[in-house]
Amino acid sequence: MKLATFMKNGKSSVGTVVGGGRLIIDLQEAARANGKDQHVFADMITFLESNGRGRELAQHLINRGGSDNWVFKLEQVRLLAPVPSPRKLFAVAGNYAEHIEEGGGVLMPQDKETPRIFMKPPSSAVIGQGDSIRIPPVAQAIDWEGELAVIMGKRAKAVKRDKALEYVAGYTIMNDVSERKLKIWNRSDSRPQDQWFDWLNGKWYDTFAPLGPWMVTTEDIPNPQTLEISTYVNGEQKQHCSTAQMIFPVALIIEYLSAMVTLEPGDVISTGTVAGVGAISGQFLQPGDLVRIEISGIGELSNPVVRSEV
């Protein structure tokens with residue numbers, strides 16, 4: 001099942017994409033018209049918190065068929081991020097050996113022992129399909145990072161890897177947009193810890209977490225380690241890899257994260273990028289560029305790049 005959050009006539013709704021990706025069902029309107037519980041479709045987090053009840057009802061509504069009052073062509077709506085405001089947004093650094101090595105690094109034992117996880121601000125970084133990646137005046141070197149993102153479906157704490165995927169609602173695409181040469185204020189010198197924070201802060205800019213176009217639920221992707229990821233800039237392929245090459249598969253990331261923080265429905269975990277980022281070639285995103293990320297079994301996420309005045 002493909003689940004999306006979309007905007008139509010100034011109202012955001014939860015929908016399911018059907019008809020080979022051509023149509024979207026407004027689940028709240030369909031539930032209202034069929035005398036069903038519409039409140040479960042108030043927003044994506046409410047839907048995910050329903051412990052499977054929302055998914056069962058969604059499937060029932062799909063089977064009932066559609067009406068012009070709640071089924072629309074995809075081009076008639078604006079897709080938002082599947083979870084427009086996640087409670088938490090995690091990302092993994094250095095989760096593919098080739099990406100570590102392309103930057104001149106050597107894969108060390110520690111790289112395969114513990115994942116390196118950081119966070120991005122969910123309320124200001126997350127944007128959806130077709131939304132613009134904005135380059136502010138303080139930015140110098142904006143890079144792309146195509147990644148598989150996990151959307152949690154259940155509250156998870158201290159979950160072991162053999163059970164971890166049972167807590168996942170589905171998967172989507174994320175672009176972990178990154179500023180590689182952060183310099184907002186001058187300083188006299190840069191120590192290693194200063195450079196580390198520059199790297200981290202370069203992940204935090206507004207619009208630097210495009211997410212979408214929708215979430216594909218786990219019954220359609222039972223194994224997230226079998227997917228192909230490709231990133232294109234202006235139609236030119238920059239990245240290509242299989243999720244089978246992750247150092248830390250999805251289940252291990254969830255085990256590691258849930259040992260220290262409670263994961264909640266709607267939390268997003270982006271699982272790291274593959275080789276082929278712009279920093280290696282010195283090619284960075286410019287206003288007028290179009291970034292497109294494809295993941296097999298999910299679809300494609302496209303975002304234009306524009307200049308921002310602030």
Side-chain angles (χ1 to χ4, degrees), residues 78-81 84 89-96 98-105 118-149 172-185 195-213 228-241 268 270-295 298-310:
R78 176 189 164 212
L79 290 176
L80 307 178
L89 175 56
F90 299 98
V92 183
N95 200 24
Y96 289 82
E98 289 185 0
H99 178 51
I100 294 173
E101 293 165 351
E102 73 173 347
F118 61 96
M119 299 183 75
K120 300 185 81 145
S123 62
S124 55
V126 171
I127 58 174
Q129 169 81 335
D131 291 340
S132 296
I133 299 167
R134 302 198 309 268
I135 300 181
V138 293
Q140 301 180 73
I142 307 303
D143 209 344
W144 57 84
E145 294 191 11
E147 306 189 1
L148 174 70
T172 189
I173 303 169
M174 194 175 103
N175 187 353
D176 177 19
V177 184
S178 306
E179 161 59 71
R180 303 295 192 191
K181 299 179 181 179
L182 183 70
K183 184 179 180 182
I184 298 175
W185 294 342
Q195 294 171 344
W196 184 86
F197 274 105
D198 286 347
W199 173 89
L200 177 63
N201 298 159
K203 302 280 189 177
W204 290 356
Y205 283 56
D206 295 350
T207 75
F208 273 26
L211 196 68
E228 299 290 318
I229 303 176
S230 297
T231 302
Y232 301 83
V233 178
N234 301 327
E236 180 182 352
Q237 188 179 74
K238 299 296 185 180
Q239 296 180 292
H240 180 75
C241 193
V268 175
S270 201
T271 56
T273 199
V274 305
V277 296
I280 304 309
S281 63
Q283 178 187 0
F284 297 107
L285 293 175
Q286 303 296 327
D289 287 346
L290 179 69
V291 185
R292 176 167 54 89
I293 303 168
E294 295 181 356
I295 298 184
I298 298 178
E300 64 177 51
L301 171 68
S302 296
N303 298 93
V305 181
V306 302
R307 188 176 306 282
S308 173
E309 298 302 319
V310 293

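Numbers for residues simply follow the sequence, beginning at 1.
- Checked against ring pair (Phe, Tyr, Trp, His ring centres under 6.0 Å), Tyr205 has the following partners two or more places apart in sequence or in another chain: Phe208.
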Could you list the donor-acceptor pairs under 3.5 angstrom formed between side-chain atoms of residues 282-290 and any protein atom two or more places apart in sequence or on another chain?
{"residue": "Gln283", "atom": "OE1", "partner": "Lys238", "partner atom": "NZ", "Å": "2.6"}
{"residue": "Asp289", "atom": "OD1", "partner": "Asn234", "partner atom": "ND2", "Å": "2.9"}
{"residue": "Asp289", "atom": "OD2", "partner": "Gln286", "partner atom": "N", "Å": "2.8"}

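- Listed by chain and residue number, nothing satisfies the ring pair (Phe, Tyr, Trp, His ring centres under 6.0 Å) test with Phe197 (two or more places apart in sequence, or in another chain).
- Here Ser308 pairs with Arg134, Val310 under the side-chain contact (heavy atoms from CB on, under 4.5 Å) rule; sequence neighbours left out.
- Remark: side-chain polar atoms of Thr271 are paired, donor with acceptor, to backbone N or O of Leu148 under 3.5 angstrom.
- Under the rule for a side-chain hydrogen bond (donor to acceptor under 3.5 Å, both in side chains), Gln195 has no partner lying at least two apart in sequence or in another chain.
- Glu145 is linked by a salt bridge (charged side-chain N to carboxylate O under 4.0 Å, His left out) to Arg180, Lys203, counting only residues two or more places apart in sequence or in another chain.
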Self-check item: Stepwise side chain to side chain contact (heavy atoms under 4.5 Å, CB included) test for Ile133 and Asn175
Solution: CA-CA 10 Å; Ile133 299 167; Asn175 187 353; 4.0 Å; yes
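- Between the side chain of Asp143 and the backbone N or O of Ala279, at least one donor-acceptor pair lies under 3.5 Å.
- To the nearest 0.5 Å, atoms OG (Ser124) and CH2 (Trp204) are separated by 10.5 Å.
- In this structure, the side-chain hydrogen bond (donor to acceptor under 3.5 Å, both in side chains) partners of Ser270, at least two apart in sequence or on a different chain, are Glu147.
- Taking the side-chain hydrogen bond (donor to acceptor under 3.5 Å, both in side chains) definition, one finds that Glu101 meets it with nothing, sequence neighbours left out.
- Annotation: salt bridge (charged side-chain N to carboxylate O under 4.0 Å, His left out) contacts involving residues 119-129, sequence neighbours excluded, comprise Lys120-Asp176.
- Contacts of Arg292 classified as side-chain hydrogen bond (donor to acceptor under 3.5 Å, both in side chains), with partners at least two apart in sequence or in another chain: Glu294.
- Here the OG1-CD1 distance, from Thr273 to Ile229, works out to 7.0 Å after rounding to the nearest 0.5 Å.
- Residues in residues 121-131 take part in these salt bridge (charged side-chain N to carboxylate O under 4.0 Å, His left out) pairs, two or more places apart or across chains: Arg78-Asp131.
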